[in-house]
K.L.:
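Take a look at this one; I'll ask things after.
A note on names: the letters A, B, ... follow the listed sequences, proteins ahead of strands, and every chain is numbered from 1. The model shown is predicted, which means the values in this text are computed figures rather than measured ones.
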There are 2 protein chains.
Amino acid sequence: MTSRAYDGPADLVITDCTALVPDQDGQPGFVEDAGIVVRDGAIAEVTGSAHAAAVPAGERIDAQGRIAMPGLINCHTHAGMAALRGIAEDLPIEQWFNERIWPVESRLTDEDVAWGTRLACAEMIRAGVTCFADHYFAMDKVAEVVSECGLRADLGWAHFSSQGPEAAARSLDFALAARGTAGGRISTSLAPHAPYTVDDADLARIAELAARHGLRVHLHAAENRDQTEASLARHGRTPIEVLRDTGLLDVDVLIAHGTGIVERDLPVLAAAGGRVAVATAPRGYLKFGWDTTPVAQLAELGIPVGLATDGAASNNTLDVWESMTLTALVQKSVRRDPTWLTARQALHHATVQSARAVGLGDAIGELAPGRRADIILVDLTGPHTLPVHDLASTLVHSARSSDVTTTIVDGRILMHDRVLRTLDLPRITEALTRRLPDLVAYEPGERIQTYEG
Amino acid sequence: MTSRAYDGPADLVITDCTALVPDQDGQPGFVEDAGIVVRDGAIAEVTGSAHAAAVPAGERIDAQGRIAMPGLINCHTHAGMAALRGIAEDLPIEQWFNERIWPVESRLTDEDVAWGTRLACAEMIRAGVTCFADHYFAMDKVAEVVSECGLRADLGWAHFSSQGPEAAARSLDFALAARGTAGGRISTSLAPHAPYTVDDADLARIAELAARHGLRVHLHAAENRDQTEASLARHGRTPIEVLRDTGLLDVDVLIAHGTGIVERDLPVLAAAGGRVAVATAPRGYLKFGWDTTPVAQLAELGIPVGLATDGAASNNTLDVWESMTLTALVQKSVRRDPTWLTARQALHHATVQSARAVGLGDAIGELAPGRRADIILVDLTGPHTLPVHDLASTLVHSARSSDVTTTIVDGRILMHDRVLRTLDLPRITEALTRRLPDLVAYEPGERIQTYEG
């Protein structure tokens, strides 16, 4: 609580907010009349507003009527697919992939991915997302976009066995070259597509490389019940058992979706030697008529479940706030238990568990001294968030991503009063509008891969 | 397509929008470069933008980049409960009603209901809602608020048999006195609470009164599966069969929720002599762990299903846009069929079917000459709604209520550029903030009624 005037002015001081900080049990709690002091991209102090007001600063934000909370983390997305938002609707997954998405993706250029990613980053910054775990192609371009827009990201260059060993090598080269770039905001993962598109030998090699180079692995697995059943029919093992048998559960691994995780997978996950996390994107599961991620069972195993949106081509939005709300609602629904998952638990998934899921549990996900200054301000003065009887439920069940007024990463303001500071939306729109007609023209037969579940 | 200059200037002209209008099959379609001419509170023309631009007008809106569509209709709510948003979270329905809601409601004054309703109206206008079907107490006060804020509403004064015959008489007196007031914007319904709180004799009397006075009936019925089972256990009939036996299916009736409608109810509903409609509020069903409204089965019977939010105390929001999105998502999920309900079908529920549900199928729900000018403008230039490949899916799956820039009822602009014109939100907030501590203080034992399912 010292003023630290001897350090010179702070970079940024936020005053007069209510801060979402852990309570004595490590669960989300709220402190009123709070102030936040940011130095060198990190949170220096979370303190009283009056104290913070006295700290000299290069930039100040009066956050009256607003909540300060850790920025949201999109734990699994394909940002570039924002360009394909809405191209394939109301279809079953096989048709969605084989007739629409993979034919179009086979035509995507690196520049298309870059513009799609810019659009995605604009959307995410406006929605209070400060970090995203991206799993896609042309990741060198994606890294450039991350560098220019100021977001934090964990990047993995996706590959299939069908693309040959060069694709796997490129994924590794990228992971080694890009990690720690963009002023430390980029971390990297190895990114095999999924156990049904990457063979066991390749998965085992990836596990070995991950261990050798201290890399995490980010992949799709047990995306839905059909995949699990197809896997069992094919070789008698579930996708999670394939991860175990190929060594991927002995390294740090982020599993996207996991709605097809079944009872017999739970002891397998419990016995994992590496840090396992799951990313849940509940909107798409509703839309495709799938089960949802077994959040309660994973919670019992201590496995963090981070929030995600998947790509906008399936999910239509990159709105992690909506994923938080839907996680609370859908978990109550599938368990037929209105007392679980609570609003506070949903906030825990959105903050601490999401940070752990992307391997940044010590760096982000909490407003605390020493953490990176990834902060959002949320306006609670709109009629739809009044009155406030319980802040956690106001945030999870009444507030929307559109109530985020300010998005800050590493102490840098990327959006303030809903105005983007680092991306030029009209230019992005113009580039995509020019390119799209060619991109989405449908030519049967073309495709990057075949989906068989 | 005449310019009608001889009629003198139009009241309002909207140019350069894309208009949601029925296609040749009566399904939602879109017309680009459209203009809308409004005279005397009604839509005079939906025409080309250039043509509309030439019409002299008192007020003009350039709606470039925006969709013009019929205002949303909240087919079942308890607006005054907005004051209680978030007071009882993560609880089972019995505890929610008996320990929290009904004790607090027993302390609500008429003034509390008025302020809560003002807050609700502010929220709904900001969310693009132009009409709401309200089922609550102190409806004379609610009618005053509707009159002052400019919304359209169907109002029903709720009552229980336990309140004695005076309560039923007051509900009828109000329905007869208030209908057609507020410049014709108020219609009324009789509003018995539900078959489990209003006895059969009272329900039969209400059906008779409805027939005699040409009034509609708006009530809760078959809210969830437990209610249906309790009803069967009590007297061997489902709540829908009780409606039939008391004559309520021979008048025009709006049934709230109906998630407990079972197979044997379908022929009963099919045989109804009156116009039956159902209001669905899917968010609350997820939250309480209920089934959802059987929309597909009702569609097969030709029963309109309107969108609703219920009260904010259970639903947390009055965001009908979210109800539209969730209806699409949840229907796909419960039927495990990604091809149904489509985005276009969701828009049909939000417009035509919701208008029918509140008994205003000829007056609102469509942008067409002669209809009341209840119009909203929706901005589709945000990064989260770009690019547009398919307008219906952009609206249902990417856009949000916060993208509504303008809300118009009877040709009067109630919100423009997200600024409310008829309600003073700071004054509403101040009044509620002063009153709330007393209101929510918990005193065990007090309650307005007992919920037994």
K.L.:
Taking B:P338, B:A82, B:C121 one by one, which has the highest count of heavy-atom pairs under 4.5 Å against chain A?
P.N.:
B:P338
K.L.:
Roughly how far, to the nearest 0.5 Å, is the CG atom of B:L329 from the CD atom of A:E322?
P.N.:
7.0 Å
K.L.:
Considering only heavy atoms, which portion of B:D403 lies under 4.5 Å from any heavy atom of chain A: side chain, backbone, both, or neither?
P.N.:
neither
K.L.:
Heavy-atom distances under 4.5 Å only: say whether A:T381 touches chain B with side chain, backbone, both or neither.
P.N.:
backbone
K.L.:
Check whether B:A83 gets within reach of chain A through its side chain, its backbone, both or neither, counting any heavy atom under 4.5 Å.
P.N.:
backbone
K.L.:
To the nearest 0.5 angstrom, please state how far the CZ atom of A:R400 sits from the CG atom of B:D319.
P.N.:
4.5 Å
K.L.:
Examine whether an atom of A:A88 lies under 4.5 Å from a heavy atom of chain B, and if so say whether it belongs to the side chain, the backbone or both; otherwise answer neither.
P.N.:
neither
K.L.:
If I take atom CG from residue B:L286 and atom CZ from residue A:R336, how far apart are they, to the nearest 0.5 angstrom?
P.N.:
10.5 Å
K.L.:
Are more than 12 heavy atoms, taken from residues, nucleotides or ligands other than A:E148, located less than 6.0 Å from that residue's CD atom?
P.N.:
yes
K.L.:
Where does B:A120 contact chain A at under 4.5 Å (heavy atoms): side chain, backbone, both or neither?
P.N.:
neither
K.L.:
Answer with side chain, backbone, both or neither: which region of B:L436 has an atom nearer than 4.5 Å to a non-hydrogen atom of chain A?
P.N.:
side chain
K.L.:
Please rank A:M124, A:E123, A:E89 by heavy-atom pairs under 4.5 Å with chain B and give me the top one.
P.N.:
A:E123
K.L.:
Just by modelled atom types, is the B:G289 backbone N or O under 3.5 Å from a matching donor or acceptor in the A:R335 side chain?
P.N.:
no
K.L.:
Go through the atoms of B:L84 and report whether side chain, backbone, both or neither lie under 4.5 Å from a heavy atom of chain A.
P.N.:
backbone
K.L.:
Does CZ in B:R421 sit with more than 12 non-hydrogen atoms of other residues, nucleotides or ligands closer than 6.0 Å?
P.N.:
yes
K.L.:
Examine whether an atom of B:Q331 lies under 4.5 Å from a heavy atom of chain A, and if so say whether it belongs to the side chain, the backbone or both; otherwise answer neither.
P.N.:
neither
K.L.:
Working to the nearest 0.5 angstrom, can you tell me the gap between A:L91 CG and B:T342 OG1?
P.N.:
11.0 Å
K.L.:
Heavy-atom distances under 4.5 Å only: say whether B:L423 touches chain A with side chain, backbone, both or neither.
P.N.:
neither
K.L.:
At a 4.5 Å cut-off on heavy atoms, which part of A:L425 comes close to chain B: side chain, backbone, both, or neither?
P.N.:
side chain
K.L.:
Take a 6.0 Å sphere around CD of A:E32 and say whether it holds more than 12 heavy atoms from other residues, nucleotides or ligands.
P.N.:
no
K.L.:
Would you mind telling me which of A:N316, A:I428, A:D90 has the largest number of heavy-atom pairs within less than 4.5 Å of chain B?
P.N.:
A:D90
K.L.:
Mind checking what makes side chain to side chain donor-acceptor pair (under 3.5 Å) contact with A:T407, not counting sequence neighbours?
P.N.:
none
K.L.:
Rounded to the nearest 0.5 Å, what separates atom CG in B:L318 from atom NE2 in A:H384?
P.N.:
11.0 Å
K.L.:
What residues of residues 385-399 of chain B make heavy-atom contacts with chain A at a cutoff under 4.5 angstrom?
P.N.:
B:T385, B:L386, B:P387, B:H389, B:D390, B:S393, B:V396, B:H397, B:S398
